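Inspection log for the structure reproduced underneath, given as structure tokens.
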Amino acid sequence: MNIKNICCIGAGYVGGPTMSVIAAKCPDIKVNVVDLNKQRIAAWNETDLDKLPIYEPGLSAIVAQARGRNLFFSTDVDQAILDADMIFISVNTPTKTYGIGKGMAADLKYIELCARQIAAVAKTDKIIVEKSTLPVRTAEALKSILSSTGNGVNFQVLSNPEFLAEGTAVQDLLEPDRVLIGGERTEEGEVAMQALHDVFHNWIPSERILLTNVWSSELSKLTANAFLAQRVSSINSLSALCEATEADVDEVARAIGQDSRIGPKFLKSSVGFGGSCFQKDILNLVYLCQTYGLQEVADYWHQVIKMNDYQKRRFAQKIISTLYNTVNGKKIVLLGWAFKKDTNDTRESAAIYVADYLLSEMAELVVYDPKVTAEQIYADLDYLNTRSESENRNLVTVANNYDELFDDAHAVAVMTEWDEFKEIDWEHVFDRMLKPAFIFDGRAILDMPALENIGFRGFAIGKG
Ligand SMILES: NC(=O)c1ccc[n+]([C@@H]2O[C@H](COP(=O)([O-])OP(=O)(O)OC[C@H]3O[C@@H](n4cnc5c(N)ncnc54)[C@H](O)[C@@H]3O)[C@@H](O)[C@H]2O)c1
Ligand SMILES: O=c1ccn([C@@H]2O[C@H](COP(=O)(O)OP(=O)(O)O[C@H]3O[C@H](CO)[C@@H](O)[C@H](O)[C@H]3O)[C@@H](O)[C@H]2O)c(=O)[nH]1
């Protein structure tokens, strides 16, 4: 089966970059990316490529290559459904904020709305691809909704979870470690899987395209994130022990990571993992285990989240205790707000929670991030509902450059590992700050001995 027309519902961090790469690599396939969010679609259609809604290294070049040729962004969801042979569902699946499973389960309302819309609109057979991250056995629910129209249209549901990481999305899409496709082990299911395989095979070798049953595929996505986040929580738990014992967490990570059975990646200690996926997906996994009556398994994975919360709290408390147990009225500069470098995404960023702790102690924060807007920073703080919107604006200033950033500051805290922070003229910064001048490196990216030579009093995560 030869796919000629793809529709992707959801033009977010996954749908946008993923479809841009598919369009760039498959010039014979027309790709329509649709979203209800008019502003987002308008931004994807911006002629000024610096104004795309998502910042990802290399993304604007890929969009420029395919947009208007075989890549289109639109709000006309119905038309895109009608035209497509294959429909990717790439809408958000946030943690539920109400009802049964509140704070744990994935909210599948957007997924279900897509399925109902497809069922209502489609006039020809379609392959539906779950691109969003979903609890295992969601395909069953989708199939049930899709097949209840009675209008004779046939749907095959595939699971094709996305493994890209933000900041390296384009690279990850161009050269993925693997592409996972799960489908029904029936003749029609195999045909659908092969059709999706053939799309990816335009640039990805077959040995990297794994075909599994649909449940294995759905569960592998949650499992991959759980394993990755577990490594970060494991090294972060040891960062606390390193600080207590004068061991150095980076040295420990290097020493254990050289064991080929352990491997060197995802062992960088930090102020805590963030991002839209790890916490949400592990909570979802924990909830699933609970619903299957597997409480011990649920507790085991829940500890990964608890350790991450501890790490963020611990870092804020370190700042407060070091600044003589009070930060009231003290200017503290937060360098970075995004949850990692090379992205403008701030979802679940550790910086939000550290800032919130410091604000509750009445610190005066100045935040600088090279890619995050002031509106986003205030929205992130307001969302926590810890204090009024006007208090957040009184206590937090957002800077968009380094001018006067450090003047009369008591402390600087590195929250995101942006490369440019390593290039800062720290002697100049030291001169502008109040003394003693404190620096807290939540990413252990700065040369702390050199900073201490300048006169800073320094603390780096995981360093004794
Ligand atoms: N962000 C990542 O790095 C990443 C990586 C892998 C997987 N995922 C998963 O991919 C999914 C999407 O994540 P994201 O970060 O792209 O989310 P996102 O919030 O950036 O984008 C989702 C988009 O879907 C749109 N949408 C929701 N319901 C819709 C509907 N009924 N019709 C049309 N549009 C609709 C929203 O307006 C939004 O623009 C989630 O399940 C997530 O867990 C995310
Ligand atoms: O050694 C490490 C590695 C990561 N992190 C932090 O962990 C978080 C997540 O980072 P990363 O995994 O690189 O980014 P995400 O975009 O959240 O990507 C994860 O989540 C996606 C959404 O499901 C998956 O597709 C990806 O495979 C998975 O890596 C960030 O705050 C990082 O700073 C660390 O603190 N130390």
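Just so you know, ligand 1 is whichever comes first in the structure, and atom 1 is the first atom listed for that ligand. As the structure is a prediction and not an experimental result, all values here were calculated from the model.
The closest non-hydrogen atom to atom 39 (O) of ligand 1, taken over Asp35, Ile118, Thr75, comes from Asp35. Here atom 4 (C) of ligand 2 lies nearest to Phe266 when heavy atoms of Phe266, Phe278, Phe163 are compared. The option with the heavy atom closest to atom 24 (C) of ligand 2, from among Lys221, Met415, Gln311, Glu162, is Lys221.
Between the side chains of Gln303 and Asp299, no donor-acceptor pair of N or O atoms lies under 3.5 Å. A donor-acceptor contact under 3.5 angstrom links the side chains of Gln230 and Tyr300, judged on distance only. Under the 3.5 Å distance criterion, with hydrogens and angles disregarded, a donor-acceptor pair is assigned to the side chains of Gln311 and Ser239. Ser270 and Lys340 share no donor-acceptor pair across their side chains, judged by distance under 3.5 Å alone.
Looking at residues two or more places apart in sequence or on another chain, you find a side-chain contact (heavy atoms from CB on, under 4.5 Å) between Lys371 and Tyr55, Asn344, Asp369, Trp418.
Scanning the protein heavy atoms around atom 22 (C) of ligand 2, the nearest turns out to be Cys277 SG, 2.4 Å. With hydrogens left out, the protein atom closest to atom 29 (O) of ligand 2 is Leu228 CD1, 3.7 Å, a heavy atom. What sits closest to atom 5 (N) of ligand 2 on the protein, heavy atoms only, is Val232 CG2, 3.9 Å. Atom 2 (C) of ligand 2 has its closest protein heavy atom at Lys268 O, 3.6 Å. Nearest protein neighbour of atom 25 (O) of ligand 2, counting heavy atoms only, is Leu164 O, 2.7 Å. Residue, atom and distance of the protein heavy atom nearest to atom 6 (C) of ligand 2 are Phe273 CB, 3.9 Å. The nearest heavy-atom contact from the protein to atom 17 (O) of ligand 2 is Phe339 CE1, 3.5 Å. Closest to atom 16 (O) of ligand 2 among all protein heavy atoms lies Glu166 N, 2.8 Å.
Here Ser132 has heavy atoms under 4.0 Å from ligand 1 in both its backbone and its side chain. With a heavy-atom cut-off of 4.0 Å, Asn236 does not touch ligand 2 at all. Residue-level proximity to ligand 1 for Glu56 is absent, since no heavy atom of it falls below 4.0 angstrom. At a heavy-atom cutoff of 4.0 Å, ligand 1 is contacted by the side chain of Cys277 but not by its backbone. Counting heavy atoms under 4.0 Å from ligand 2, residue Arg443 touches it through the side chain alone. Of all the heavy atoms of Thr133, the ones lying under 4.0 Å from any atom of ligand 1 are found in both the backbone and the side chain. With a 4.0 Å heavy-atom cut-off, ligand 2 is reached by the backbone of Leu267 but not by any atom from C-beta on. Looking at Leu164 against ligand 1, both its backbone and its side chain come within 4.0 Å, counting heavy atoms.
The salt bridge (Lys or Arg N to Asp or Glu O under 4.0 Å) test with Glu243 singles out one residue from Arg314, Lys318, Lys463, and that residue is Arg314.
Note: an N/O pair closer than 3.5 Å links Arg347 and ligand 1 by distance alone. The distance criterion of under 3.5 Å between nitrogen or oxygen atoms is met by Lys340 with respect to ligand 2. For ligand 1, the polar-atom distance check finds no N/O of Leu113 at less than 3.5 Å from any of the ligand's N/O atoms.
In Gln258, the CD atom is not crowded: 12 or fewer heavy atoms of neighbouring residues, nucleotides or ligands sit closer than 6.0 Å. Within 6.0 Å of the CG atom in Asp177, the count of heavy atoms belonging to other residues, nucleotides or ligands does not exceed 12.
Considering all non-hydrogen atoms of both residues, Thr416 and Lys341 come closest at CG2-N, 3.6 Å.
Of the charged side-chain nitrogens involved, none lies within less than 4.0 Å of a carboxylate oxygen, so that Lys268 and Glu417 do not count as a salt-bridged pair.
Less than 4.0 angstrom separates some heavy atom of Ser270 from each of these atoms of ligand 2: 34 (C), 35 (O). Proximity to Tyr13 (heavy-atom distance under 4.0 Å) selects the following atoms of ligand 1: 1 (N), 14 (P), 15 (O), 16 (O), 20 (O).
Expressed to the nearest 0.5 Å, how far OG1 of Thr93 lies from CG of Asn284 amounts to 7.5 Å.
Using a 4.5 Å heavy-atom cutoff, the side chains of Leu228 and Phe273 are not in contact.
A donor-acceptor contact shorter than 3.5 Å is absent between the side chain of Ser217 and the backbone of Thr212. For Arg67 (side chain) and Phe72 (main-chain N/O), no donor-acceptor pair under 3.5 Å exists by modelled atom type.
Side-chain rings of Phe421 and Trp426 stay apart, their centers remaining 6.0 Å or farther from each other.
Taking a 4.0 Å cut-off on heavy atoms, Arg231 fails to register as neighbouring ligand 2. Proximity of Lys280 to ligand 1 is established by a heavy-atom distance of less than 4.0 Å.
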